[in-house]
There are 2 protein chains.
Amino acid sequence: MPSTAPTPRRVGRPRSAEADVAIMDATRAALVEVGWSKLTMGYVAARAGVAKTTLYRRWANKGELVVHAVAALFDELELPDRGSLRADIEGVVLSFATMLQRPETNASLMAVVAESTHDPVLREHVREAIVDRQKHLVFQGRERAQARGELPPDMGDSAEARRLVDLIFDVIAGAVVHRTLVSAEPVDTEWAQQFTTLLIHGLAAASSPGGPPGSPASPGGSTD
Amino acid sequence: MPSTAPTPRRVGRPRSAEADVAIMDATRAALVEVGWSKLTMGYVAARAGVAKTTLYRRWANKGELVVHAVAALFDELELPDRGSLRADIEGVVLSFATMLQRPETNASLMAVVAESTHDPVLREHVREAIVDRQKHLVFQGRERAQARGELPPDMGDSAEARRLVDLIFDVIAGAVVHRTLVSAEPVDTEWAQQFTTLLIHGLAAASSPGGPPGSPASPGGSTD
DNA sequence: CCCTTCCGATACGGCTCGTATCGTATAAGG
DNA sequence: CCTTATACGATACGAGCCGTATCGGAAGGG
């Protein structure tokens with residue numbers, strides 16, 4: 001039976017693609033206007049010129065609706081080759097921060113993450129639409145830097161390489177998100193440069209598989 | 001007039017301190033049970049054995065109630081002198097992560113931050129109760145490392161020192177928060193060690209006031 | 001042309017919010 | 001002791017939103 005997945009719906013009236021984009025646009029616009037907490041399904045429906053029923057036919061609740069609307073914004077994240085590791089990092093930091101400072105992303109990203117804490121389905125959507133997509137950029141930038149000779153190549157142990165990519169991802173995305181949304185201070189060129197300096201020199205050390213120069217902590221066995 | 005602030009209320013029945021702690025405990029317990037989004041004022045009141053009126057007499061809404069309940073958890077964050085910069089960082093990363101992984105902090109921190117995006121009053125409370133408190137730890141750890149000779153001393157420019165402390169704060173807190181709440185992966189000893197290695201070597205470079213070794217990005221003026 | 005599915009409109013129960021009210025309880029001051 | 005001022009518990013209330021159900025009609029596929 002080769003035709004199970006490729007035909008989810010094959011008969012009947014198809015869903016309106018116009019309604020889809022109208023809903024997405026209305027959701028993002030509503031996020032800008034009233035923010036996450038005051039956003040209601042009824043308001044989005046009215047703004048999109050759609051019945052509330054149509055919303056619930058596509059998304060189970062507010063969380064899923066918003067995560068889809070927001071995830072699309074992450075599509076614009078790219079990593080053009082800027083010629084050096086430093087320029088690549090600085091560029092992605094600035095473009096990521098620019099996206100985060102847009103009002104429709106600002107509140108909703110945190111809200112979606114918070115919501116996903118108690119909702120495994122939502123968490124998976126966040127992972128696919130946001131986390132994995134960003135992580136791929138890190139992987140890509142690292143490969144480029146290795147090709148340029150700016151970072152040491154992988155030493156066979158792919159698990160360790162993955163751990164390092166995960167670490168870099170959390171450091172970059174975490175710092176930018178935290179600066180923007182928690183500290184609530186702007187990511188300007190100066191901050192991006194200082195951060196990039198820190199990261200590049202840290203990377204050089206963390207990437208060397210022969211063990212870092214500094215000895216590990218608690219050498220005396222004081223397992224506090 | 002020396003007696004303006006010290007006498008906020010001087011006549012009438014004082015507020016019940018027992019009710020205060022009962023409400024805080026009930027709020028944290030409710031956060032564990034049902035999470036932020038499903039937490040209701042009525043439920044907290046019933047759980048605390050208090051009338052709903054009493055809640056609204058102390059906090060204007062759910063956001064303020066929760067931010068006070070959560071902020072108290074940050075009081076336990078300390079920075080004992082572990083003897084070296086590396087041990088200090090690793091220790092604070094692990095203790096911060098441990099706190100974040102507790103269920104009552106997990107969802108609520110993000111939710112409060114998201115809520116504060118559209119609520120300046122709440123934002124100020126978050127800043128006082130959480131951000132500034134953590135930032136002080138960074139300042140403290142940096143001073144110790146300077147006293148030990150592990151980091152170069154301040155070079156007069158206190159503004160630059162403040163910028164650096166802000167950067168370190170966002171990098172540490174951001175990475176731990178992002179790893180825990182967005183990537184949803186545990187902060188174990190191995191991760192903490194790898195992160196600390198990265199940060200220490202990055203710090204050595206970013207702290208040198210004579211300008212970082214690497215030249216700033218986009219020297220050709222390609223302001224993309 | 002028929003069948004299936006989607007659409008808009010409307011109504012509904014249930015829940016939560018935040019406020020108001022009222023009688024009672026608990027302090028300080030006279 | 002008695003007055004005054006505030007906090008408390010209980011209850012009720014309007015308003016808003018959620019998510020579902022129902023309905024007649026519309027729009028494609030076979």
Side-chain angles (χ1 to χ4, degrees), chain A residues 3 6-27 30-31 33-69 108 111-112 115 118-119 121-122, chain B residues 3 6-27 30-31 33-69 108 111-112 115 118-119 121-122:
Chain A
S3 60
T7 52
R9 274 176 269 101
R10 52 187 196 286
V11 67
R13 176 178 177 178
R15 287 192 176 169
S16 163
E18 296 177 2
D20 268 331
V21 301
I23 293 171
M24 291 288 94
D25 288 347
T27 304
L31 280 174
E33 287 179 11
V34 301
W36 157 275
S37 59
K38 308 225 173 224
L39 181 138
T40 71
M41 301 294 263
Y43 183 64
V44 171
R47 208 179 201 295
V50 183
K52 212 172 48 163
T53 322
T54 306
L55 264 67
Y56 282 103
R57 222 173 264 124
R58 289 163 163 77
W59 298 278
N61 48 50
K62 196 168 92 172
E64 296 223 349
L65 168 64
V66 173
V67 80
H68 277 89
S108 40
V112 166
E115 201 74 5
H118 276 270
D119 186 341
V121 178
L122 202 60
Chain B
S3 59
T7 52
R9 275 175 266 102
R10 51 187 196 284
V11 69
R13 177 178 177 176
R15 288 192 176 167
S16 163
E18 296 176 2
D20 268 330
V21 301
I23 293 171
M24 291 287 93
D25 288 348
T27 303
L31 280 174
E33 287 179 12
V34 301
W36 157 275
S37 59
K38 308 226 173 226
L39 181 139
T40 71
M41 301 294 263
Y43 183 63
V44 172
R47 206 178 203 294
V50 181
K52 213 173 47 165
T53 322
T54 306
L55 264 66
Y56 282 103
R57 223 174 261 122
R58 289 164 162 76
W59 299 277
N61 47 49
K62 196 167 94 171
E64 297 224 348
L65 168 64
V66 173
V67 79
H68 277 90
S108 39
V112 166
E115 200 75 5
H118 276 269
D119 185 341
V121 178
L122 203 58

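Per chain, numbering begins at 1; letters A, B, ... match sequence-line order. In this text, all values refer to a predicted model and were calculated from it rather than measured experimentally.
In this entry the distance linking NZ of A/Lys38 with P of D/dC18 reads 13 Å, nearest Å. In this entry the distance linking CD of B/Glu64 with P of C/dC17 reads 15 Å, nearest Å. Spacing between atom CG of A/Leu65 and atom P of D/dC18 amounts to 11 Å, rounded to whole angstrom units. The distance between atom CD of A/Glu18 and atom C1' of D/dG28, rounded to the nearest whole Å, is 14 Å. Counting to the nearest Å, the P atom of C/dC6 and the CD1 atom of A/Ile23 are 13 Å from each other. Protein atom CG of B/Asn61 is 17 Å distant from nucleotide atom P of C/dT16, rounded to whole Å. The distance from atom CD of B/Glu115 to atom P of C/dC17 is 12 Å, rounded to the nearest whole Å. For A/Leu39 and D/dC17, the CG to P distance is 11 Å, given to the nearest whole Å.
Taken to the nearest 0.5 Å, the OG1 atom of A/Thr27 stands 11.0 Å off from the NZ atom of A/Lys62.
Residues satisfying the salt bridge (charged side-chain N to carboxylate O under 4.0 Å, His left out) criterion with A/Arg13, sequence neighbours excluded, are absent altogether. For the side chain to side chain donor-acceptor pair (under 3.5 Å) test, residues two or more places apart in sequence or in another chain that qualify with B/His68 are B/Trp59. Taking B/Asp20 as the reference, B/Arg58 meet the side chain to side chain donor-acceptor pair (under 3.5 Å) condition, with sequence neighbours excluded. Considering only residues two or more places apart in sequence or on other chains, A/Glu18 meets the salt bridge (charged side-chain N to carboxylate O under 4.0 Å, His left out) condition with none of them. Every salt bridge (charged side-chain N to carboxylate O under 4.0 Å, His left out) that A/Arg47 has, sequence neighbours left out, goes to A/Glu33.
Contacts with DNA chain D (heavy atom under 4.0 Å) in residues 50-60 of chain B: B/Val50, B/Ala51, B/Thr53, B/Thr54, B/Arg57, B/Arg58, listed by number.
When distances run from any side-chain atom of B/Pro14 to the nucleotides C/dA27, D/dG25, D/dC18, the shortest one goes to C/dA27. When each of D/dC18, D/dA5, C/dA25 is scored by its nearest atom to the side-chain atoms of B/Arg13, the top-ranked nucleotide is C/dA25.
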Item to check | side-chain contact (heavy atoms from CB on, under 4.5 Å) assessment of A/Thr40 paired with A/Val34 | outcome: CA-CA 9 Å; A/Thr40 71; A/Val34 301; over 6 Å; no
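Counting atom types as modelled, B/Arg15 pairs no side-chain N or O with a base atom of D/dA7 as donor and acceptor under 3.5 Å.
The nearest heavy atom of DNA chain D to B/Ser16 and to A/Lys62 marks one nucleotide each, and the one closer to the 5' end goes with B/Ser16.
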